[in-house]
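All remarks here apply to the structure that follows.
All ligand and atom numbering here is 1-based and tracks the order in the structure. No experiment lies behind these values; they were computed from the predicted model shown.
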Amino acid sequence: MFEKAVGDGVTITPLEVWHAQEFADHLDRAREHIRPWVGPRFVTDTVDDARSTLRRYATATAEDGARIYGLWDGGAIVGGVMFVAFDPVWGICEIGGWLEPGAVGRGLMSRSVDMLMQWAFEERGMARVEWRCRTDNDRSIATARRLGMRSEGVLRSSWVFEGRRYDKEVFALLRDEWAARRTGA
Ligand SMILES: CC(C)(COP(=O)(O)OP(=O)(O)OC[C@H]1O[C@@H](n2cnc3c(N)ncnc32)[C@H](O)[C@@H]1OP(=O)(O)O)[C@@H](O)C(=O)NCCC(=O)NCCS
């Protein structure tokens, strides 16, 4: 009911607890593709655990914190975006996202993150939007750069996957940089 068009026939809506079955079905399609790049707690195997993720976000949203949104294509979830962290007092938030393999390469992530940034900067008055990813996550880095974000540095040895440690890169866009992009400056 409360949805926006992302383009290419895909819509974005808030992901809520009652979407647990669709979310779990989507994770079955996305799991191995996203596992190296997203937090391990996010990559669940059962409907109950998928519901727990959505409940965790719902609780945070009720406190004006983290939020999660689903990308829907033909009645199925094909990916999503989230405010991993959202701090209206400091004016800082972090956005993240993921897609199942069939949804990659269509501009869905760039357009969805752009929507979240618009809301964060223009409606919520955020000063800074961050994007964090492994330094070897080429597609994620390309998305951050496509959105005009600037690399601010590398957090060495701060990501663990299958017993190996990886570096993580922090990207950010500031409110005046967002405004300049909007006016084409
Ligand atoms: C990171 C991830 C979300 C990026 O997905 P993506 O589809 O490459 O991202 P975008 O939405 O920015 O799409 C860009 C691609 O769509 C194309 N595209 C088509 N229409 C477009 C449009 N209107 N706007 C922008 N790009 C468009 C671009 O040319 C680009 O294609 P290319 O890769 O062949 O150059 C995806 O690779 C993924 O889910 N990875 C696993 C999970 C993950 O790493 N999440 C991020 C953790 S930090």
Side-chain angles (χ1 to χ4, degrees), residues 4-13 15 22-45 50 53-54 56-57 60 66-74 76-86 92-120 128-162 164-173 177-178 181-182 184:
K4 274 187 145 184
V6 176
D8 204 15
V10 173
T11 55
I12 183 169
T13 69
L15 260 191
E22 289 96 333
F23 185 43
D25 291 345
H26 158 68
L27 285 173
D28 286 342
R29 295 186 294 273
R31 190 175 294 109
E32 295 317 314
H33 171 64
I34 67 174
R35 197 191 289 281
W37 316 110
V38 304
R41 219 159 54 129
F42 189 76
V43 190
T44 55
D45 295 316
T53 300
L54 298 180
R56 205 165 60 238
Y57 272 95
R67 292 164 164 79
I68 189 165
Y69 306 87
L71 298 175
W72 297 79
D73 192 357
I77 298 172
V78 295
V81 283
M82 71 273 259
F83 287 104
V84 180
F86 192 87
I92 299 172
C93 60
E94 178 190 342
I95 295 177
W98 77 97
L99 295 168
E100 62 183 54
V104 171
R106 296 160 61 185
L108 297 177
M109 189 52 44
S110 295
R111 282 177 283 180
S112 312
V113 174
D114 192 73
M115 284 178 171
L116 264 57
M117 289 203 298
Q118 179 170 17
W119 185 76
R128 170 183 170 85
V129 173
E130 296 180 355
W131 178 271
R132 294 168 182 245
C133 61
R134 272 172 52 172
T135 51
D136 56 344
N137 193 344
D138 296 342
R139 278 198 169 270
S140 182
I141 289 172
T143 299
R145 293 200 186 286
R146 196 174 289 115
L147 289 160
M149 292 185 159
R150 189 185 297 179
S151 173
E152 295 188 333
V154 171
L155 307 174
R156 293 175 300 153
S157 196
S158 61
W159 186 270
V160 182
F161 178 62
E162 291 182 342
R164 233 188 107 184
R165 304 199 71 89
Y166 295 85
D167 295 343
K168 196 156 74 170
E169 191 161 355
V170 181
F171 293 83
L173 191 76
E177 295 166 346
W178 164 265
R181 274 177 72 80
R182 275 304 201 238

Would you mind listing which atoms of ligand 1 come within a distance below 4.0 Å of any non-hydrogen atom of Val104?
7 (O), 8 (O)
Could you tell me, atom by atom, which parts of ligand 1 come under 4.0 Å of a heavy atom of Trp98?
39 (O)
Atom 39 (O) of ligand 1 [closest protein heavy-atom partner, distance rounded to 0.1 Å]:
Leu99 N, 2.8 Å
With heavy atoms of Gly97 as the reference, note each atom of ligand 1 found under 4.0 Å away.
43 (C), 45 (N), 46 (C), 47 (C)
Trp98 vs Phe42 aromatic rings, parallel, tilted or perpendicular, using cut-offs 30° and 60°?
perpendicular
For ligand 1, which atoms sit closer than 4.0 Å to a heavy atom of Ser140?
1 (C), 46 (C), 48 (S)
Note: Arg146-Asp114 ion pair, threshold 4.0 Å (strictly below):
no
State the atoms of ligand 1, each with its element, that fall below the 4.0 Å cut-off from a heavy-atom position in Asn137.
43 (C), 44 (O)
Quick note on ligand 1: atoms under 4.0 Å from a heavy atom of Arg132 include exactly 48 (S)
Any atoms of ligand 1 less than 4.0 Å from a non-hydrogen atom of Trp37? List them with their elements.
41 (C), 43 (C), 44 (O), 47 (C)
May I ask you to decide if the ring planes of Phe83 and Tyr69 are parallel, tilted or perpendicular, using 30° and 60° as cut-offs?
perpendicular
Indicate whether atom 2 (C) of ligand 1 is within a distance of less than 4.0 angstrom of some protein heavy atom.
no
Measure the distance from atom 22 (C) of ligand 1 to every protein heavy atom, then report the residue, atom name and distance (to 0.1 Å) of the closest one.
Gly107 CA, 3.8 Å
What is the nearest protein non-hydrogen atom to atom 30 (C) of ligand 1, stated with its residue, atom name and distance?
Arg146 NH2, 3.7 Å
